[in-house]
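Report on the following structure.
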Amino acid sequence: MKKVGLTGGIGSGKSTVARMLADEGFPVVDADQIAREIMEPGSPVLAQVAEVFGEDLIDDTGALNRAELAKRAFSSTEQTEKLNALTHPAIRAESNRRFDEAEKAGARAVIYDMPLLVDLGLHHDMDMTVVVDVDVDERVRRLVDKRGLTEADARARIAQQVDDDTRRAAADIVVDNNGPLEALAAQVEKVVRMIDA
């Protein structure tokens, strides 16, 4: 079974590409979804995060105030690294469990939808790396329009990730998502052909 790493900067449309690949029959292991699951109320990771970033992040129901955590965790590289040290080992363990599951189910390839694939050097563990690439200003526009971030917050989050040149240099294939959905679909078809080659 091939492991295909799928990555791109925040606001690049990586999730759209992941959905298109899922429609082609590939199982997708979504690192962001796993990150949410490991922070469910009562989880050991959530308790550690609250200890480091503040107990006030947990509401009366035991749920995490994600927006406030993001503000605190992405305020500096040091804070981001603290959060990553708490969450990444659990994300990696659950991701590996899901890869094994996909392999046992006979999948020809599994897509690892991982925003920090290159940042963490995990692309070296993949058989193929797909990078979704979009100009920074367009990504900022999408984050402001679609996710309601301020421009300053959007740019701060982009700055916390590895730069686009480094990400592109790690790619086996770059998917340009600056254009319309039809153009994206044609490029995803090319990715499918490469995976099946």
Side-chain angles (χ1 to χ4, degrees), residues 1-24 26-39 45 70 73-74 77 79-103 107-136 138-140 142-143 147 154-178 184 187-188 190-197:
M1 181 188 75
K2 282 184 185 171
K3 281 193 213 163
V4 180
L6 172 66
T7 194
I10 185 171
S12 64
K14 178 182 56 57
S15 299
T16 303
V17 173
R19 276 194 301 277
M20 290 175 164
L21 289 167
D23 289 344
E24 293 287 341
F26 297 109
V28 175
V29 174
D30 182 340
D32 276 348
Q33 181 190 341
I34 293 170
R36 286 189 291 276
E37 289 171 9
I38 64 163
M39 301 270 254
V45 176
F74 300 123
T77 304
Q79 293 296 97
T80 304
E81 284 171 359
K82 277 186 193 171
L83 178 64
N84 291 347
L86 295 172
T87 58
H88 286 175
I91 293 168
R92 196 166 299 132
E94 179 58 19
S95 298
N96 287 333
R97 192 189 69 72
R98 293 186 190 189
F99 295 153
D100 291 344
E101 225 171 51
E103 189 161 26
R108 64 194 197 269
V110 64
I111 310 299
Y112 191 31
D113 179 350
M114 173 46 142
L116 302 179
L117 191 80
V118 176
D119 310 50
L120 300 173
L122 298 176
H123 60 291
H124 298 297
D125 301 334
M126 300 291 121
D127 297 301
M128 182 176 151
T129 299
V130 179
V131 170
V132 183
D133 193 46
V134 177
D135 297 337
V136 169
E138 174 61 16
R139 287 163 56 199
V140 169
R142 289 178 188 179
L143 290 168
R147 296 202 201 169
R155 290 193 184 278
R157 291 196 193 193
I158 288 169
Q160 290 297 324
Q161 296 183 330
V162 74
D163 66 88
D164 292 344
D165 288 340
T166 303
R167 205 181 282 113
R168 280 190 294 265
D172 293 298
I173 184 166
V174 175
V175 173
D176 181 336
N177 192 20
N178 285 293
L184 181 63
Q187 291 180 79
V188 170
K190 187 178 166 190
V191 171
V192 171
R193 286 196 299 273
M194 279 185 73
I195 293 171
D196 286 335

Thinking salt bridges, do [X] and [Y] make one under a 4.0 Å N-O criterion?
X	Y	result
R168	D165	yes
R97	E94	yes
R108	D196	yes
K3	D125	no

How long is the gap from [atom1] on [X] to [atom2] on [Y], to the nearest 0.5 Å?
X	Y	atom1	atom2	value
H123	L6	NE2	CG	14.5 Å
Q161	T80	CD	OG1	10.0 Å
I91	M39	CD1	CE	8.0 Å

Measure across [X] and [Y] and return the closest heavy-atom pair with its distance rounded to 0.1 Å.
X	Y	answer
V45	L86	CG1-O, 3.9 Å
T129	A170	CB-O, 3.6 Å
S12	V132	O-CG1, 3.3 Å

Do any N or O atoms from the side chain of [X] and from the backbone of [Y] form a donor-acceptor pair under 3.5 angstrom?
X	Y	value
N178	D135	yes
T7	P115	yes
D113	A18	no
D119	V162	yes

Using side-chain heavy atoms (C-beta onward) and a distance below 4.5 Å, is [X] in contact with [Y]?
X	Y	answer
M20	L184	yes
I34	V29	yes
I173	K190	yes
D133	D176	no
Y112	L117	yes
I10	R147	yes
M114	L122	yes
L143	R157	no

Please lay out, stage by stage, how I195 and F26 fare under the test side chain to side chain contact (heavy atoms under 4.5 Å, CB included).
-> CA-CA 10 Å; I195 293 171; F26 297 109; 3.7 Å; yes
Residues R139, D164; criterion salt bridge (charged side-chain N to carboxylate O under 4.0 Å, His left out); working and verdict | CA-CA 12 Å; R139 287 163 56 199; D164 292 344; 3.0 Å; yes
